[in-house]
S.K.: 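This structure is in structure tokens; I'll ask about it shortly.
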Amino acid sequence: MTHAAIDAYDAAAVERKWQARWERDGTNHTDVHAGVRPYYTLMMFPYPSAEGLHVGNLFAFTGNDIHGRFQRQQGHTVFEPMGYDAFGIHSENYALKLGVNPMELIPKNIDNFRRQLKRAGLMIDWRYELSTTDSRYYKWTQWLFLQLFKRGLAYQKRAAVNWCPVDKTVLANEQVIAGECERCGAKVEQRFLEQWFFRITDYAGRLLENLDNLDWSESTKAAQRNWIGRSEGAEIVFQVHDYFEIAGAASVAPGTSEMPTAPTDIQVFTTRPDTVFGATYLVLAPEHPLVERITTDEERSSVLEYRARTSKQDVVARKVTKDKTGVFTGAYAMNPATGEPIPIWIADYVLMEYGTGAIMAVPGHDERDFEFAKTYGLPIKRVVAAAGATEHTPLAEAYTDSEDPARLVNSGRFNGLPVSEAKEAIVTWLEEHGRGRAIVNYRLHDWCISRQRYWGPPIPIVYCEKCGTVPVPESDLPVELPKVEDFRPDDSGISPLARVESWYRVKCPNCGGTARRETDVSDTFLDSSWYYLRYPSVPRDDVAFDPVLTDKWLPVDSYIGGNEHAVLHLLYSRFITMVLHDTGLVPFEEPFAKFRAHGTIVRDGAKMSKSRGNVVNPDEHIEQWGADSFRAYLMFLGPYEEGGDFQDRGISGVKRFLDRLWTSSIEAQRTGDGDPAVMRKLHKTIRKVTEDVPTLNYNTAIAAMMEYMNALRAGERTPHINETAPLVQLVAPFAPHIAEELWERFGHKRSVFDSGWPAFDPELAADELITMAVQVNGKTRGTIQVAPEVTQEGALAAAMADAAIARFVATDPARVIFVPGRLLNIVVGGR
RNA sequence: GCGGGAGUGGCGGAAUUGGCAGACGCGCUGGACUUAGGAUCCAGUGCCGAAAGGCUUCCGGGUUCGAGUCCCGGCUUCCGCACCA
């Protein structure tokens, strides 16, 4: 190292100084009560893993921080809080691995996170920090559960659930990825357990419809639409008889017989009610409750055997093997359209979780049914034909078209109708005869929120021998999670808390009799479904969220996070907010006015992973380059909403830029005006940055500032303070420490973040002379320097005066295209 | 299979939305200053060509005075969901 000039840019020293100063002066404090033009900028809070802050976290937070700092410079009172999603399997598993109680481990991780976050120079008001593991927080998570319980939106049912044999817990559908546990990758099994559910399906329609009016990334909205999975169709009732009864009823046409709904009637869901005449058999999911009832004695053993076999099968095996298997139950149902008896099968290609767990099989017009029918020799009947085909045209494969030329055949009075009309007509007909109705079905399932684990908020329910299921009174909250030595989950399907008798044995809040607590804890996604409501009210212990503050700060103005939460956290949060709205507790239905998904960072073109050993450690880079350079580089390496490729040596470019900013500012002349040409460039730059920051185009904003820096220093001139000071304000959101330091050195007493935002003069930002492209027959042949307001004649004259251009124009132009201020195209020759 | 993206120099990426393709940065080449350079500064840098010029945004068509951008067909790739009836 050479002997540094006295005023060389020492990033570490500058950053230390300003972080201390911000803390001392409360620069980042938000007056949540009196602040004017409130702007709530939120980032998805991290779960405090032991590895510390991931560069992906920092990428997300920095992008949000820049947005927040910019809004503050625009005159808003900005609220930028931070917290920790510290309950849950990820945290608990790490504690298990180390053999340390999470109650000791997690606070240490949080301390480490806080240290790293402070070092990154985020504009966080630390007075509003929260952790979901704090009983002052989860008290209100439990309260939230009780609000849903009161409204009948929390209920218990014994259900087939996804069970992870490694994590030893139930998983929500959203946590099962391709049949494997999202966390550990183990194959998920099916188990039957008594579970708590939230009725999110009641809100499916609203969750879907509201999406249209949300200012969210399109990809996120698409993912939610996909997940909610609305499909229009019909529910159709198939009456079950034993074989002999049906033989007598076969000739009875719909409407002429009375068909009371019997307990054995089978309801199916279909999106193609128009094909009901082609339903040649029924299929029930193996675990369908009616299976036992309808199975005949002859078939009982094979049905039971099949059931046992498929239930043991893990989800993966079932999905990978496309081969259809199934067995006949021995029972028949009547096709309500044809009056004919059709056999009832069970097969694992029908899922209990979707629709009614039963389908009418139309092998002629459904690929899966066709394959199954082929395998088991079941009849295939054509009921739809396109032009050129008749009812007798054989089907080599399922004909699934439902578009215009497709018309009904073999369907009695509905023959000849186009599919779309037939759908309606047949549903109406079935409805008139009490055999069906139009319904909308959703793919979305109710949200299973119980977890048989230790590290979560206990579900605030007590089971009394006399009173049954009793909610814990709100005044008794929180139900504290006890510190237990043995917090290991086991195979029993019950939580480790069930081993702590002193904790679960309680008196009934109703009658004082013998009772026991619910020993399951709630899903981490419940913790994170409402934290944004809590932030402004963190100091309050008497309410979950203060109504006045909620009204002032919410909905969140800008929410930034990863798209991996597109259907988990974001959907649950919307649901919870809707419930609170319906309860009258919040005045809005949607929690996040604006959401943008940030991209992901890869390193040297490859995904970062511990096994590859290419994980970026923020600490190291901040140590080497400083937080300002690191922040700015993260924002520069690619478009924020797409992410980019982290290349270690790339940081040097941004560092050089800050070095030059430093030198230019320190050396800047303090008297007189700036150079007119440079000032023009400055105003252009202000305009560009002002446009790019709100739209998260951070990479191009930085590029514009670099370009300006090049102009500022061209020819090794000494810049003027009028040229550099506004640049410092523009840089401030990206590199807050150096900006504060330089701003102070310019002689300002207040923070640069309270200095406002430089305005640009549109006239100055416009060019005096522009370079206009001149094309001949669409090919660029040269450029001309002209005034921006030049006319076509003027531009043409200037172009023809340029010999290099004129030589391509042999004859008089046949046509001239003139785009004012941009381009001149001279068309000569033919045409 | 369904849904959402993306294909541009050696690399990361720009392109006012149909108007000079390659901004900005990395890297590379040359030079200056240096005992030294993984520091700093200056110049150059899409490809072919000595030049004139030609070619160039995954491939093939089309629309247009003009296409990275719009239309049709195909290929590659990333991400979600996936036996959803």
Side-chain angles (χ1 to χ4, degrees), chain A residues 1-2 177-179 217-227 229 231 233 268-272 275 283 318-324 347-351 353-362 366-369 371-372 441-445 563-564 566-567 599-600 602 604-605 607 633 636-639 641-642 644-654 656-657 659-660 663 688 691 697 699-710 713-716 771-783 813-819 821-828 831:
Chain A
M1 253 332 235
T2 46
I177 310 297
S217 304
E218 271 313 311
S219 58
T220 311
K221 293 208 267 187
Q224 292 215 349
R225 287 196 185 99
N226 214 20
W227 190 263
S231 41
V268 306
F269 173 73
T270 179
T271 52
R272 295 291 306 272
T275 62
V283 188
R318 216 203 299 179
K319 282 178 181 165
V320 170
T321 49
K322 287 272 179 181
D323 291 342
K324 307 265 180 298
D348 64 358
Y349 81 93
V350 173
L351 309 174
E353 315 87 77
Y354 185 74
T356 58
I359 61 158
M360 64 175 205
V362 185
D366 181 280
E367 284 164 21
R368 296 151 300 179
D369 298 343
E371 190 192 329
F372 190 79
N441 202 37
Y442 295 96
R443 216 185 65 106
L444 185 71
H445 298 117
N563 229 355
E564 69 271 18
V567 290
T600 48
V602 299
D604 300 324
K607 211 172 191 168
Y633 177 59
F636 182 63
L637 54 70
E641 290 176 74
E642 285 168 38
D645 194 356
F646 190 99
Q647 300 174 336
D648 285 19
R649 56 187 185 213
I651 306 181
S652 60
V654 173
R656 244 193 296 277
F657 168 68
D659 279 336
R660 290 161 152 206
T663 313
K688 176 76 175 151
E691 283 167 1
N697 293 119
N699 56 334
T700 50
I702 293 171
M705 291 187 282
M706 286 174 163
E707 215 177 314
Y708 176 61
M709 176 62 69
N710 291 340
R713 298 185 54 92
E716 298 196 63
T771 307
M772 183 177 276
V774 180
Q775 301 182 333
V776 178
N777 287 348
K779 274 193 191 300
T780 303
R781 295 300 182 179
T783 57
R815 191 176 164 193
V816 175
I817 312 284
F818 179 68
V819 184
R822 218 180 276 293
L823 155 147
L824 180 73
N825 186 11
I826 304 165
V827 185
V828 294
R831 276 179 300 180

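Proteins come first, then strands; the chains are lettered A, B, ... in the order of their sequence lines, and each starts at number 1. The figures that follow rest on heavy atoms only: side chains count, while hydrogens, waters and symmetry mates do not.
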S.K.: Over how many whole Å does the gap from A/Phe372 atom CZ to B/rA85 atom P extend?
M.R.: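 It is 18 Å, rounded to the nearest whole Å.
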
S.K.: Can you tell me if A/Asn563 and A/Ser217 form a side-chain donor-acceptor pair at under 3.5 Å?
M.R.: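 No pair is found: no donor N or O on one side chain lies under 3.5 Å from an acceptor on the other.
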
S.K.: Can you tell me if A/Arg656 touches the phosphate of B/rC26, counting only side-chain N or O atoms and a distance under 4.0 Å to OP1 or OP2?
M.R.: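 Yes, within the criterion.
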
S.K.: Between P on B/rG25 and OH on A/Tyr633, what's the gap in Å once rounded to a whole number?
M.R.: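 Answer to the nearest Å: 14 Å.
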
S.K.: How far, in whole Å, is B/rG37 from B/rG46 if one measures between their P atoms?
M.R.: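 It works out to 28 Å between them.
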
S.K.: Students often get this wrong, so: under 4.0 angstrom with heavy atoms, is A/Leu637 touching a base, only sugar-phosphate, or nothing?
M.R.: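 Sugar-phosphate: the residue A/Leu637, judged by heavy atoms under 4.0 Å, touches backbone atoms but no base.
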
S.K.: Grab the CZ-C1' distance between A/Phe818 and B/rC20 for me, whole Å please.
M.R.: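 Atom-to-atom, A/Phe818 to B/rC20, this comes out as 15 Å.
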
S.K.: When rounded to the nearest Å, what value does the distance between P atoms of B/rG61 and B/rC78 take?
M.R.: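 Result for the P pair: 28 Å, nearest Å.
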
S.K.: Would you confirm whether A/Tyr633, through its side chain, and A/Asp648, through its main-chain N or O, come within 3.5 Å as a donor-acceptor pair?
M.R.: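 Looks like no, no N/O pair under 3.5 Å.
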
S.K.: Taking only the P atom of each, what is the distance from B/rG49 to B/rA43 in whole angstrom?
M.R.: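 Roughly 27 Å separates the two P atoms.
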
S.K.: Reading RNA chain B from 5' onward, which residue's closest nucleotide shows up sooner: A/Ile651 or A/Thr780?
M.R.: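 Looking at the nearest nucleotide for each, A/Thr780 comes out on the 5' side.
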
S.K.: Can you see if the side chain of A/Arg660 gets near the phosphate of B/rC41 - specifically, an N or O under 4.0 Å from OP1 or OP2?
M.R.: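 The answer is yes; a side-chain N or O of A/Arg660 sits under 4.0 Å from OP1 or OP2.
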
S.K.: Side chain of A/Phe636, heavy atoms from C-beta onward: which of B/rG54, B/rG27, B/rG12 has the nearest atom to it?
M.R.: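 Nearest to the side-chain atoms of A/Phe636, counting from C-beta on, is B/rG12.
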
S.K.: Quote, to the nearest angstrom, the C1' distance that separates B/rU63 from B/rC71.
M.R.: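 Straight-line distance between the two C1' atoms is 7 Å.
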
S.K.: Just compare B/rG54, B/rG13, B/rC24 and give me whichever is closest to any side-chain atom of A/Asn710.
M.R.: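 The closest nucleotide is B/rC24.
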
S.K.: For RNA chain B, whose closest nucleotide is more 5', that of A/Val774 or that of A/Asn441?
M.R.: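 Result of the comparison: A/Val774.
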
S.K.: From the options B/rC20, B/rC24, B/rC65, select the nucleotide whose nearest atom is closest to the side chain of A/Arg815.
M.R.: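 Within the option list, the nearest is B/rC65.
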
S.K.: Paired with B/rG44 by Watson-Crick or G-U wobble geometry, both distances under 3.5 Å: which nucleotide is it?
M.R.: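 Looking at the geometry, B/rG44 pairs with B/rC28.
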
S.K.: Between B/rG66 and B/rA14, how many Å separate the two P atoms, rounded to a whole number?
M.R.: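 B/rG66 and B/rA14 have their P atoms separated by 29 Å.
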
S.K.: Taking the minimum atom-to-atom distance to the side chain of A/Asp366, which one of B/rG19, B/rA14, B/rA85 wins?
M.R.: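 Closest of the options to the side chain of A/Asp366: B/rA85.
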
S.K.: Considering only atom P, compute the distance from B/rA6 to B/rC24 and round it to an integer number of Å.
M.R.: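 After rounding to an integer number of Å, I get 25 Å for this pair.
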
S.K.: Could you check how far CZ of A/Phe657 sits from C1' of B/rU40, rounded to whole Å?
M.R.: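 Going from A/Phe657 (CZ) to B/rU40 (C1'), I get 18 Å.
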
S.K.: Partner of B/rC81 by Watson-Crick or G-U wobble geometry, both contacts under 3.5 Å, or none?
M.R.: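 By the stated definition (distances under 3.5 Å), B/rG1 pairs with B/rC81.
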
S.K.: Across all strands shown, which nucleotide pairs with B/rA6 by Watson-Crick or G-U wobble geometry, both distances under 3.5 Å?
M.R.: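 Base partner found: B/rU76.
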
S.K.: Choose from B/rG66, B/rC24, B/rG13 the nucleotide whose nearest atom is closest to any side-chain atom of A/Asn825.
M.R.: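 Ranking B/rG66, B/rC24, B/rG13 by closest atom to the A/Asn825 side chain puts B/rG66 first.
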
S.K.: Between A/Met709 (CE) and B/rG25 (C1'), how many Å, whole number?
M.R.: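 The distance from CE of A/Met709 to C1' of B/rG25 comes to 14 Å, rounded to the nearest Å.
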
S.K.: Run the side chain to side chain donor-acceptor pair (under 3.5 Å) test on A/Asn710 and A/Arg660 for me, step by step, so that the C-alpha distance in whole Å, both residues' side-chain angles and the decisive distance to 0.1 Å come before the verdict.
M.R.: CA-CA 9 Å; A/Asn710 291 340; A/Arg660 290 161 152 206; 2.9 Å; yes

S.K.: Where the side chain of A/Asn697 meets the backbone of A/Thr700, is there a donor-acceptor pair that is under 3.5 Å apart?
M.R.: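 No, because the side chain of A/Asn697 does not come within donor-acceptor range (under 3.5 Å) of the backbone of A/Thr700.
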
S.K.: From B/rC79, B/rG19, B/rC24, pick the nucleotide closest to the side chain of A/Lys607?
M.R.: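 Nucleotide nearest to A/Lys607's side chain: B/rC79.
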
S.K.: Whole angstroms only, please: what is the NZ-P distance between A/Lys221 and B/rG3?
M.R.: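 After rounding, the reported distance stands at 18 Å.
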
S.K.: On the nucleotide B/rG54, are OP1 or OP2 found under 4.0 Å from the side-chain N or O atoms that A/Arg781 carries?
M.R.: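 True: A/Arg781 side-chain N/O within range (under 4.0 Å) of B/rG54 OP1/OP2.
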
S.K.: By the 4.0 Å heavy-atom rule, please label A/Thr771 as base, sugar-phosphate, or nothing.
M.R.: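 Counting heavy atoms under 4.0 Å across all strands, the contact made by A/Thr771 includes a base.
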
S.K.: Compare side-chain N and O positions of A/Thr356 against OP1 and OP2 of B/rA85 and report whether any pair is under 4.0 Å apart.
M.R.: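 Answer no for this pair, as no side-chain N or O of A/Thr356 is under 4.0 Å from OP1 or OP2.
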
S.K.: For A/Thr783, which contact category applies under a 4.0 Å heavy-atom criterion: base, sugar-phosphate, or nothing?
M.R.: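 A/Thr783: base contact, heavy atoms under 4.0 Å.
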
S.K.: Under 4.0 Å between any heavy atoms, over every strand shown, what does A/Glu707 touch: base, sugar-phosphate, or nothing? Just pick one.
M.R.: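 The answer is sugar-phosphate, as A/Glu707 gets under 4.0 Å only of primed atoms, P, OP1 or OP2.
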
S.K.: Quick one: classify the glycosidic conformation of B/rG9 as syn or anti, with syn meaning within 90° of 0.
M.R.: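 Judged by the O4'-C1' to base torsion, B/rG9 sits in syn, the angle falling within 90° of 0.
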
S.K.: Answer yes or no: is there a donor N or O on one side and an acceptor on the other, between the side chain of A/Asn441 and the main chain of A/Ser231, under 3.5 Å?
M.R.: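 No; zero donor-acceptor contacts below 3.5 Å.
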
S.K.: Side chain of A/Ser231, heavy atoms from C-beta onward: which of B/rA85, B/rG19, B/rA15 has the nearest atom to it?
M.R.: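 Among B/rA85, B/rG19, B/rA15, the one nearest the side chain of A/Ser231 is B/rA85.
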
S.K.: Work out how far the P atom of B/rC26 is from that of B/rC41, and round it to whole angstrom.
M.R.: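 It works out to 10 Å between them.
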
S.K.: Between A/Tyr349 and A/Phe372, what is the ring plane arrangement, given parallel below 30°, perpendicular above 60°, and tilted in between?
M.R.: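 A/Tyr349 and A/Phe372: tilted rings.
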
S.K.: Of the listed nucleotides (B/rA23, B/rG54, B/rC11), which one gets closest to any side-chain atom of A/Gln647?
M.R.: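 Ranking B/rA23, B/rG54, B/rC11 by closest atom to the A/Gln647 side chain puts B/rC11 first.
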
S.K.: Considering every strand and a 4.0 Å limit on heavy-atom distances, what is the contact class for A/Asn699: base, sugar-phosphate, or nothing?
M.R.: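 It contacts sugar-phosphate atoms only.
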
S.K.: Rounded to the nearest 0.5 Å, what separates atom CG in A/Asn699 from atom CD in A/Glu642?
M.R.: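 Those atoms lie 9.0 Å apart.
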
S.K.: Mind checking who B/rA50 pairs with, Watson-Crick or G-U wobble, both distances under 3.5 Å?
M.R.: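 Pair assignment: B/rA50 / none.
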
S.K.: Output the rounded distance in Å from CG (A/Asn777) to P (B/rG53).
M.R.: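 One finds 16 Å between P of B/rG53 and CG of A/Asn777, rounded.
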
S.K.: Would you mind pulling out the nucleotide paired to B/rU34, Watson-Crick or G-U wobble, both distances under 3.5 Å?
M.R.: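 Partner of B/rU34: none.
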
S.K.: Nearest whole angstrom, please: distance from the P of B/rC20 to the NZ of A/Lys779.
M.R.: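 Rounded to the whole Å, the gap is 15 Å.
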
S.K.: Is B/rU63 syn or is it anti, if syn means the base angle is within 90 degrees of 0?
M.R.: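 Judged by the O4'-C1' to base torsion, B/rU63 sits in anti, the angle falling more than 90° away from 0.
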
S.K.: B/rC20, B/rC26, B/rA85: which one has an atom nearest the side-chain heavy atoms of A/Arg649?
M.R.: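 So the side chain of A/Arg649 is nearest to B/rC26.
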
S.K.: Would you confirm whether A/Asp645, through its side chain, and A/Asp604, through its main-chain N or O, come within 3.5 Å as a donor-acceptor pair?
M.R.: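 Yes, A/Asp645 side chain to A/Asp604 backbone: donor-acceptor pair under 3.5 Å.
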
S.K.: With a non-hydrogen cut-off below 4.0 angstrom, is A/Asn226 in contact with a base, only sugar-phosphate, or nothing?
M.R.: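 Base, at least one base heavy atom under 4.0 Å.
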
S.K.: When you check the side-chain N and O atoms of A/Asn226 and A/Arg443, is any donor under 3.5 Å from an acceptor?
M.R.: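 On atom types as modelled, these side chains do not qualify, holding no pair under 3.5 Å.
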
S.K.: With C1' as the reference atom in both, quote the distance from B/rG9 to B/rG68 in angstrom, rounded to an integer.
M.R.: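 Between the two C1' atoms, the distance is 14 Å.
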
S.K.: Could you please name the partner base of B/rG66, counting Watson-Crick and G-U wobble pairs only when both distances are under 3.5 Å?
M.R.: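 B/rG66 is paired with nothing.
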
S.K.: Closest approach to the side chain of A/Ala222, judged atom by atom: which nucleotide of B/rG3, B/rC83, B/rG12 is it?
M.R.: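 Minimum distance to the A/Ala222 side chain belongs to B/rG3.
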
